[in-house]
Participant: 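Can you read through this structure? Questions will come right after.
So that the names make sense, note that chain A is the first sequence line, chain B the second, and so on, each numbered from 1.
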Amino acid sequence: MRSNGSKLKSSPRKAIDLGAPALGDSTLTVQGLLDESRYEESIRVLPDVNVVKIGGQSIMDRGRAAVFPLVEEIAALAKQHDILIGAGGGTRARHAYSLALDLDLPTGVLAAIGVSTSRQNARILQMLLAKHGGIYLNPEDFEKLPLYFRVGCIPIMVGMPPYEYWEKPTDRGRIPANRTDSGVYLTAEFLGARSCIFVKDEDGLYTEDPKKNPRAKFIPRIAARELLDMDLNDLVVERVVLENMLKAAHARELQVINGLVPGNLTRALAGEHVGTVIYAE
Amino acid sequence: MAASTREGRPRRTHIPSKLMRESLLDKGVMASTETDEELDILPDVNVLALGGQSILDRGKAALFPLVDEFVHCRKKHKLIIGVGGGARVRHTYHICLDLGIPLGGMAMVAGAVDEQNTRLLQSLLAKHKGITLNKDHFLDLPLWLEAGMIPIMTGMPPYHYWEPPTDGRVPTHGEDLGMFMVSEVLGARSMIFLKDEDGLYTADPKKDPKAKLIPSVEAGELLEMNLPDLIIERTVIETMVQARHTHRIQIINGLKPKLLRRALDGEHVGTVITAGSAAQTTRRKTATERNGRATRSGRSLANA
C-alpha cells in the first residue's frame with residue numbers, strides 16, 4: 001500500500017518558525033501555552049463608540065409610543081456621540097422559538113431562526129432613523145464601522161451573535177444561551193467600546209418583582225460574580241453575559257436602563273448612573 | 001390573521017405562544033423547553049474533522065492516502081469533511097497577540113487559513129465530487145449529499161468577532177469545536193477526528209515518551225484529569241457533556257488511513273470519548289426541574 005503510519009512520522013509537518021517557542025511547536029490547547037507577560041494588552045478597536053441595545057419585547061413590541069421618543073433621543077445624541085445600535089428580538093422570536101421547540105428541533109436551529117426577528121427590528125429601526133443617518137449594518141460589513149462613524153451615521157445591527165447552528169447546547173432546556181444581549185455585549189467587548197447600555201422597560205434589577213411585592217428592593221449596582229452567586233431564578237440580562245464579563249478584557253461594565261423614561265439614555269451616555277450597573281470585579 | 005394581544009403602558013403587542021410574556025431567563029421556563037426526542041436532522045451523515053497541523057501541514061505523504069480513503073468510504077457512507085488550519089493559524093495568533101489584536105479579531109482572521117486548506121483539499125477531491133461548502137449554503141447539504149458529493153467545509157465555527165472571552169488569550173472555539181457542533185446539530189451518525197497520533201494520550205507523546213494511550217474515557221472523567229495537553233480542543237469535551245446527540249466521538253490516526261473505514265463501520269480503532277454519566281446527570285437534573293418551576297424567588301423585571 002502507499003504508506004503506513006510509521007513511515008509517515010518521518011514526513012515532517014511543515015512548520016513556520018515563529019521565533020516564539022511557546023507557539024511554534026505545540027497544540028494550542030496546552031495549558032499555560034501563552035506566557036501572557038510576553039504580550040501587551042489587546043488594543044481597543046473603537047474606543048469612542050457607545051454600544052446601545054434596544055430591547056425587543058421591552059421596547060420594539062410597544063410600538064410608536066415607546067420607540068418614537070427613543071429614536072428622537074438617539075438622533076440628538078448621535079450629534080455628540082458615536083452610537084452603535086443592536087436590535088433585540090421580542091415576541092416574534094418567542095413565537096418562532098415555541099414552534100421550533102414544539103417540533104423537537106435543537107438549540108442550533110433556534111439560534112439560527114432567532115436572528116431573523118432581530119434583523120427585522122434592526123431594519124425597522126433603520127427606517128425610523130434613516131433621516132438622522134441610521135444605516136443598517138450587515139455583520140459582513142462590520143469593518144466599515146469607522147467609515148460610518150466618520151460621516152456621522154448611526155449604524156444599526158442585528159443583536160444576535162452569528163453562531164447560528166454552532167450555538168452550543170446548554171444544561172437547561174433548548175433556548176439558545178447566546179441571544180441579543182450576548183451578541184451586543186460581545187460587540188462592545190471586541191470594540192473596546194466606551195460604554196455598553198441595554199435599553200429595556202424597567203429601571204433595572206430588583207430583588208423581587210416589584211409589581212408583585214411592593215417591598216422589593218432596587219439593586220443599583222452589583223458585581224457580575226455576586227449576581228451569578230445569588231443564583232436568581234430570573235435575571236435582567238442573559239446569564240452568559242455575566243459569565244463573559246468575568247473574563248472580559250475591555251467591557252468590564254454595562255448599564256441596564258429604562259428606555260420608557262425620556263432622558264435616561266442621554267444621562268447614561270453622559271456617564272450618569274440611572275439604572276442598574278453590572279460590573280466585573 | 002393570528003390573534004394578537006396588547007398589554008402594558010405603552011402597550012406591548014404579543015403573539016400568543018408558550019413563551020409569551022415569559023422571561024426566557026426564568027429557570028423554570030428554560031427547563032420546560034427540554035425534550036427527550038430532539039430531532040436528528042441528518043442522521044445518516046458522518047462528520048470528519050481533518051487536522052490542520054497534524055495532517056494537512058504534512059503535505060502529499062499524509063494527504064494523498066487519506067484522500068483515497070475518503071473516496072473509498074464515500075461509496076458506503078455520507079461524509080462531511082471539516083478542515084483545520086495548522087501552522088499558519090499559530091503564526092496568525094502570534095502576530096495578532098504581538099499587535100494587541102483582541103480575541104474576536106483573532107477568531108475573525110484565523111478562519112482564512114481553514115479556507116486555504118479547504119480549497120487545497122477540494123482541489124484534490126474535485127474529481128470525486130468534492131465540493132466546498134460555504135456556511136451560507138449549510139441548508140443545501142441534503143441536496144449535495146443525495147447527489148453523492150463530499151462537502152468540504154472550514155472547521156472554525158462562525159463566531160468571528162463575537163468569540164467569547166476566556167481565561168487565556170487565544171480563541172477556544174476552533175475547528176474541533178466547529179465540527180463537533182456540525183455533528184451535534186445535525187444529529188450525525190458519527191463524529192471522527194483525524195489526527196497524527198493513535199488517539200488521546202496522558203501527555204503529548206511527541207514530547208513525553210512515557211505518555212500512555214487512553215483507549216476510551218468519559219468526557220467528565222477527562223475534564224477532571226485536567227491533562228496538560230489534549231489532542232482535541234477542551235471546548236469539545238466541555239460541550240459534549242451538554243450534548244443531546246453526539247455522545248460519542250472517536251479520535252483516530254489519519255496517518256493510518258485505513259482506520260477510517262473501520263471507524264466508520266463502528267469499530268474502536270483510536271480513542272473513544274463518550275458523554276457518559278455526566279451527560280445523564282445533566283439530563284436527569286433538567287427533567288426534575290421541569291416538573292416544577294425552580295423555587296428561588298428573586299426575579300428581575302425587564303423583558304428583553
Participant: Counting heavy-atom pairs under 4.5 Å to chain B, which of A:A248, A:A177, A:P162 comes out on top?
Facilitator: A:P162
Participant: What closest approach, in Å, do B:L99 and A:I43 show between heavy atoms, and which atom pair accounts for it?
Facilitator: O-CG2, 3.8 Å
Participant: I need the minimum non-hydrogen distance between A:H95 and B:P16, along with the two atoms involved.
Facilitator: CD2-O, 3.5 Å
Participant: Any heavy-atom pair between the side chains of B:P164 and A:K247 that's under 4.5 Å?
Facilitator: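 Not touching, per the 4.5 Å side-chain cut-off.
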Participant: What part of A:L260 lies closer than 4.5 angstrom to a heavy atom of chain B: side chain, backbone, both or neither?
Facilitator: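 Contact with chain B is through the side chain of A:L260 alone.
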Participant: In terms of heavy-atom proximity below 4.5 Å to chain B, should A:F198 be classed as side chain, backbone, both, or neither?
Facilitator: neither
Participant: Could you tell me which non-hydrogen atom of B:H14 sits nearest to which non-hydrogen atom of A:Q57, and how far apart they are?
Facilitator: CE1-OE1, 3.4 Å
Participant: Check A:R172 against B:E34 and note the closest heavy-atom contact, atom names and distance.
Facilitator: C-OE1, 4.5 Å
Participant: Among B:G187, B:P157, B:G174, which residue has the highest count of heavy-atom pairs closer than 4.5 Å to chain A?
Facilitator: B:P157
Participant: Decide side chain to side chain contact (heavy atoms under 4.5 Å, CB included) for A:D231 and B:K27; before the verdict, give the C-alpha distance in whole Å, the side-chain angles of both, and the deciding distance to 0.1 Å.
Facilitator: CA-CA 10 Å; A:D231 196 27; B:K27 289 180 182 176; 2.2 Å; yes
Participant: Can you tell me how far CE of B:M181 sits from OG1 of A:T107, rounded to the nearest 0.5 angstrom?
Facilitator: 7.5 Å
Participant: Check the pair B:K135, A:W166 against side chain to side chain contact (heavy atoms under 4.5 Å, CB included), reporting the backbone distance first and the verdict last.
Facilitator: CA-CA 11 Å; B:K135 292 196 173 75; A:W166 286 264; 3.5 Å; yes
Participant: Between chain A and each of B:I101, B:T172, B:T166, count heavy-atom pairs under 4.5 Å; write down the option with the most.
Facilitator: B:T166
Participant: Measuring heavy-atom distances to chain B, does A:R179 have an atom under 4.5 Å in its side chain, in its backbone, in both, or in neither?
Facilitator: side chain
Participant: Should the pair B:F138 and A:Y165 be assigned to parallel (<30°), tilted (30 to 60°) or perpendicular (>60°) ring geometry?
Facilitator: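 B:F138 vs A:Y165 ring planes: tilted.
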Participant: Is there a side-chain contact between A:R44 and B:P102 (heavy atoms, below 4.5 Å)?
Facilitator: no
Participant: Between A:E167 and chain B, which part of the residue has a heavy atom less than 4.5 Å away: side chain, backbone, both or neither?
Facilitator: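 Contact with chain B is through the backbone of A:E167 alone.
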Participant: Report the C-alpha separation of A:Y97 and B:L24 in whole Å, then their side-chain angles, then the decisive distance to 0.1 Å, and conclude whether the side chain to side chain contact (heavy atoms under 4.5 Å, CB included) test is met.
Facilitator: CA-CA 10 Å; A:Y97 290 152; B:L24 300 188; 4.0 Å; yes
Participant: At a heavy-atom separation under 4.5 Å, does A:V199 approach chain B through its side chain, its backbone, both, or neither?
Facilitator: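 Neither part.
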Participant: Identify which of A:A65, A:P169, A:A93, A:P139 forms the greatest number of heavy-atom pairs closer than 4.5 Å to chain B.
Facilitator: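 Greatest number of close heavy-atom pairs with chain B: A:P169.
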Participant: Give the minimum heavy-atom separation between A:F190 and B:G105, together with the two atoms involved.
Facilitator: CE1-N, 3.3 Å
Participant: Please flag which part of A:A249 lies under 4.5 Å from any non-hydrogen atom of chain B: side chain, backbone, both or neither.
Facilitator: neither
Participant: Drop me the distance from A:D104's CG to B:T35's OG1, to the nearest 0.5 angstrom.
Facilitator: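 Reported to 0.5 Å precision, the distance equals 3.5 Å.
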Participant: Which answer fits A:L101, side chain, backbone, both or neither, if we ask what part of it has an atom under 4.5 Å from a heavy atom of chain B?
Facilitator: side chain
Participant: Between A:K168 and B:T235, does the side chain to side chain contact (heavy atoms under 4.5 Å, CB included) criterion hold? Intermediate values first, please.
Facilitator: CA-CA 10 Å; A:K168 293 183 281 184; B:T235 326; 3.7 Å; yes
Participant: With a 4.5 Å limit on heavy-atom distance, are the side chains of B:Y159 and A:L186 in contact?
Facilitator: no
Participant: Given a strict heavy-atom distance threshold of 4.5 Å, which part of A:E140 is in contact with chain B: side chain, backbone, both, or neither?
Facilitator: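 Neither; nothing under 4.5 Å.
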Participant: As an exercise, state the distance from CG of A:N244 to CD of B:E163, rounded to the nearest 0.5 Å.
Facilitator: 9.5 Å
Participant: If you look at every heavy atom in B:L39 and A:P106, which pair is closest and at what distance?
Facilitator: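 Answer, listing the atom of B:L39 first, then A:P106: O-CD, 4.3 Å.
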Participant: Can you tell me how far the CD atom of B:Q242 sits from the CG atom of A:D171, to the nearest 0.5 Å?
Facilitator: 5.0 Å
